[in-house]
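Count residues from 1 along the sequence. Whatever order the structure lists ligands and atoms in, that order sets their numbers, starting from 1.
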Amino acid sequence: MTQAALLEQIKSKKSFLCVGLDVDKDRIPSDLKNEPDAVFTFCKRIIEATAPYCVAYKPNIAFFEAYGLEGWKSLEKVMDFLNCHYPEIFTIADAKRADIGNTSKRYAKAYYEQLEFDSITIAPYMGKDSIEPFLEYAGKNAILLALTSNEGALDFQLLQSGGKSLFEQVIEKSRNWQNADRLMYVVGATKAEALQKIRTLIPDSFLLIPGVGAQGGSLEEVSINGLNDQCGLLVNSSRGIIYASSKSDFDQVAASVAKDLQQRMAFHLRQKEII
Ligand code: OMP
């Protein structure tokens, strides 16, 4: 999916919400546990309930890999379901890949061609030749970790050299890579204070912002500091939506949390005159 198509969807749904599918079998309501594929059934019900309020889904691959072959089959079914019934919704493989170029090519094939994701999260540590294979596909986007939401972001990403943080250097350097217009960037909602500076470096790029909900990031702070004229944000919440209820009404409660986030997002989109 192109970024222009994503923006159209943002405008029509008045939302820049991404629902994270971090499905832990131990947290699935007990009445689903006897289903032949409880992980898929849980995701399907979450998707059917929240689709009116969000523009993207982000299955985190770890939560599927953890169940071996069975988990991988659940992931394939989730992607088939999304691409068949909700082709307008942007999909993100949260896999945080990137390796030597020859290997990155295979990761790109796996996630873009086999599983038919629109995008994948990638780590910048191995540099340009590890990233460019993810940028060779028209209509696909790679989402580069810039400033992450966790405490460990301080270990490397904020190290200074030549008056700049390492994450700022990652952003600046990445703009010179082939097909850099297909890059988006991850910035944690818990680091919202850095967004104004980041917008001076990449005013037009889409940012994936995880960390609202369970990690305590503020949607308001993120929206005020991160929105650009074309929206430019996808704000993710995973546990805060999918586990809002541990009972059989989990999908309806997830929908009401997603709707509340969507309505707050609509307010900020109106403030910026995007809708
Ligand atoms: P919740 O904290 O449950 O909303 O989940 C956040 C999701 O975003 C998880 O799947 C994380 O792996 C992911 N994430 C972060 O939490 N922080 C980051 O800096 C980057 C990501 C990510 O790339 O999505």
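- Among protein heavy atoms, atom 5 (O) of ligand 1 sits closest to Ser238 OG, 3.2 Å.
- At the shortest separation from atom 8 (O) of ligand 1 among protein heavy atoms lies Lys58 NZ, 3.1 Å.
- Within the 4.0 Å heavy-atom shell around ligand 1 one finds Val186.
- A donor-acceptor contact closer than 3.5 angstrom is absent between the side chains of Thr190 and Gln215.
- Using cut-offs of 30° and 60° for the angle between ring planes, the Tyr111 and Trp72 rings count as perpendicular.
- Given atom 6 (C) of ligand 1, the protein heavy atom at minimum distance is Gln215 NE2, 3.5 Å.
- What sits closest to atom 15 (C) of ligand 1 on the protein, heavy atoms only, is Ser149 OG, 3.5 Å.
- Protein heavy atom nearest atom 3 (O) of ligand 1, with residue, atom name and distance: Arg239 NE, 2.6 Å.
- Looking at ligand 1, you'll find an N or O of Asn60 within less than 3.5 Å of one of its N or O atoms.
- At distances below 3.5 Å, at least one donor-acceptor pair connects side-chain atoms of Lys13 with backbone N or O atoms of Ala51.
- Regarding atom 9 (C) of ligand 1, its nearest protein heavy-atom neighbour is Asp22 OD2, 3.1 Å.
- The atoms of ligand 1 that sit less than 4.0 Å from any heavy atom of Asn236 are 6 (C), 7 (C), 8 (O).
- Comment: Lys73 does not engage Asp37 in a salt bridge, judged by the lack of any side-chain N to carboxylate O separation of less than 4.0 angstrom.
- In Asp94, the part holding a heavy atom less than 4.0 Å from any atom of ligand 1 is the side chain.
- When hydrogens are left out, the protein atom nearest atom 20 (C) of ligand 1 is Pro210 CG, 3.4 Å; that is the closest non-hydrogen contact.
- Side chains of Thr50 and Tyr57: a donor-acceptor N/O pair is present below 3.5 angstrom, by distance only.
- Short contacts between ligand 1 and Thr148, defined as distances under 4.0 Å to a heavy atom of the residue, involve ligand atoms 19 (O).
- The distance between the ring centers of Phe250 and Phe42 falls below 6.0 angstrom.
- What you find for Leu75 and Pro59 is that their closest heavy atoms are CD1-CB, 3.9 Å.
- Side-chain contact annotation: Gln169 with Ser161, donor-acceptor N/O pair under 3.5 Å present.
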